[in-house]
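Data first, discussion second: the structure below is written as C-alpha cells.
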Amino acid sequence: MQPAAASVDARIPVHVLTGFLGSGKTTLLRHLLGTPEMADTVVVINEFGEVGLDHLLVREVSEDVVLLSSGCLCCAVRDDLVSTLADLSAMAGRGEVAPFRRIVVETTGLADPAPIMHAVMGDLQLRRAYRAGGIVTTVDGVSGTHSLGGFAEAAQQVALADHIVITKSDLVERWRLDALGLDLAKVNPSVQPLTSSRGAMPGAAEIFANAANRAPRYIKADGLPTAGKHSDGIETFTVEVTQEVDWPAFVEWLELLLANRGQSILRVKGLLLVRGDPRPVVIHGVQHVVYPPEYLPRWPDGAPRGWLVFIARNLTRTAIENALPSTFAST
C-alpha cells in the first residue's frame, strides 16, 4: 500500500449515519433526503419501516431499490452490506440506476459503525468503486449524557465519529447542551459537534464533509491533538512520531498492531512525515482495517510534525510507545 497520488479520488464515499436509540438520526435523515443536495445519494437502511419514507417513495427500481421523490435511491440490506454495495455499483454500471456520488448507510441504534467501514475497506472489489467516507453520529440533546454514561454502544458511536450532531437542541437549556459538549469531548475531543433542532438542521455539505482532506480541528496551541478519557475505558491519547518514517516499514508495523490489538484500538488517525515526500500523509484505521492513505496540502501551522491519535479501550499510551520501532519512535 503506497500513499495515494495527489489527484482527486473519483471513488464514491460511503458515509455511516449512526446514533443511539432515539437520538434522532431518522428525523435528520428524512430532512436531508428532502434537500436538493442529496439528489445523487444512495441511502442504505435495514428496513423501510424503521425510517418511515413511504411519503417519499416514487417507484421500485428493482426488488430492493426504490427511487425517492428527491432523486435519491433507497435500498435495504438483503444478505450483507458487501453484496448490496456491489449490486448498486453493478446497476449503475449497466445504466439501470442513475449515477450517484455518495452512499449513506443508516445503522440501527445499537450498532457499532466500525464493521461497516470494515466491509468497505476490507473488500478488494468494493475498494475499486468505493472509499470510506465519514462516520456521522447523532446524540440526543436531552438524554445524551445518560446514554454516554450508561451504554457502551453510545460511547463507541461517539468515539468513532468524524462528525457529531446534537439533536433536539431546542428542547434543552443552554447549560445542559454545554455540559453534554464537555461529556462528548471526553470521549472524542477531535470533533466540534453541530447542533440540530426542529427548525434548524445542518445540511448535507456540513454533515458529510470529508474530514480527511482538511487539517484536523482538534489541534491544540502546541501543535498536538487533544486527549481525553471516558469512564467506560475508552481513552484518547497522542503518540508523537517526530522522525520521518519509511513508508513500507510503518505500514507493516501498523497493520501488525491492528491485527493483534484491533479489538482494543477503536480508531487511529494522524499525520506522518514520510521519507521522500514533504507533504503530510493522513493515516486512518478502524480496528483491524487500515484505510488507504491520503495527503493534506500542507502541514498544520506550517510545522512538519508527525503524530498518531489513538481512540482505544483498555490500552495505554505507554503500551503503544513501547511497540514503536526505534527507527520511528517518538522523541
Side-chain angles (χ1 to χ4, degrees), residues 15-32 45-47 49-52 104-117 134-202 206-208 211 217-218 226-237 263-267 286-287 309-315:
H15 303 281
V16 177
L17 176 60
T18 190
F20 198 63
L21 299 167
S23 63
K25 60 182 177 297
T26 296
T27 299
L28 179 64
L29 178 61
R30 290 178 65 177
H31 161 73
L32 292 172
I45 57 178
N46 288 330
E47 297 179 18
E50 293 182 1
V51 181
V104 178
V105 180
E106 188 201 13
T107 75
T108 61
L110 295 175
D112 178 353
I116 295 174
M117 290 304 186
I135 296 175
V136 180
T137 299
T138 55
V139 177
D140 192 320
V142 177
S143 61
T145 294
H146 172 73
S147 298
L148 281 175
F151 299 93
E153 297 89 348
Q156 175 106 339
Q157 291 164 354
V158 169
L160 293 174
D162 294 294
H163 303 278
I164 297 172
V165 181
I166 299 176
T167 63
K168 310 174 189 177
S169 63
D170 53 332
L171 303 180
V172 66
E173 298 95 331
R174 180 72 250 177
W175 69 269
R176 291 187 182 275
L177 289 178
D178 292 340
L180 176 57
L182 293 176
D183 290 333
L184 293 172
K186 294 176 183 177
V187 182
N188 188 341
S190 68
V191 175
Q192 180 65 42
L194 301 169
T195 57
S196 175
S197 65
R198 184 171 296 276
M201 294 187 182
E206 293 177 275
I207 292 176
F208 300 119
R217 292 177 292 177
Y218 46 93
T226 53
K229 187 171 184 178
H230 194 256
S231 58
D232 62 4
I234 296 176
E235 184 174 2
T236 302
F237 55 84
Q263 294 301 321
S264 297
I265 300 172
L266 304 180
R267 200 163 191 177
V286 174
Q287 294 186 347
V309 179
F310 287 85
I311 303 172
R313 178 181 285 116
N314 302 322
L315 184 67

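Residues: numbered from 1 along the sequence shown.
Listed for the Asn188 side chain is a donor-acceptor partner under 3.5 Å among the backbone atoms of Ala161.
Shown here are the side chain to side chain donor-acceptor pair (under 3.5 Å) partners of Asp140, two or more places apart in sequence or in another chain: Ser143, Lys168. Checked against side chain to side chain donor-acceptor pair (under 3.5 Å), Thr138 has the following partners two or more places apart in sequence or in another chain: Ser23. Taking the side chain to side chain donor-acceptor pair (under 3.5 Å) definition, one finds that Thr195 meets it with nothing, sequence neighbours left out. Thr27 meets the side chain to side chain contact (heavy atoms under 4.5 Å, CB included) test with Met201; sequence neighbours excluded. Ser147 meets the side chain to side chain donor-acceptor pair (under 3.5 Å) test with no other residue; sequence neighbours excluded. For Arg198, the salt bridge (charged side-chain N to carboxylate O under 4.0 Å, His left out) criterion is met by no residue, not counting sequence neighbours.
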task: Walk me through it: do Val139 and Val158 pass the test side-chain contact (heavy atoms from CB on, under 4.5 Å)?
output: CA-CA 8 Å; Val139 177; Val158 169; 3.8 Å; yes
- prompt: Stepwise, does the side-chain contact (heavy atoms from CB on, under 4.5 Å) test hold for Leu180 with Val172?
  reply: CA-CA 11 Å; Leu180 176 57; Val172 66; over 6 Å; no
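Smallest separation of non-hydrogen atoms from Ile166 and Gly141: CG2-CA, 3.8 Å. Closest approach of His146 and Phe151 over heavy atoms only: NE2-CE1, 4.1 Å. Taking every heavy atom of both residues into account, Leu32 and Pro202 meet most closely at CD2-O, 3.7 Å. Contact detail for Ser264 and Leu315: the closest heavy-atom pair is CB-CB, 4.3 Å. Annotation for Lys25 and Leu17: closest pair O-CD2, 3.8 Å, computed over non-hydrogen atoms. Here the shortest heavy-atom pairing between Thr107 and Ala111 reads CB-CB, 3.5 Å.
Here CG of Asp162 is found 9.5 Å from NE2 of His15. Values are rounded to the nearest 0.5 Å. Here the OG1-CD distance, from Thr18 to Gln157, works out to 3.5 Å after rounding to the nearest 0.5 Å. The distance from the CE atom of Met117 to the CG atom of Asp112 is 11.5 Å, given to the nearest 0.5 Å. With rounding to the nearest 0.5 Å, the separation of CD1 in Ile135 from CD1 in Ile164 is 11.0 Å.
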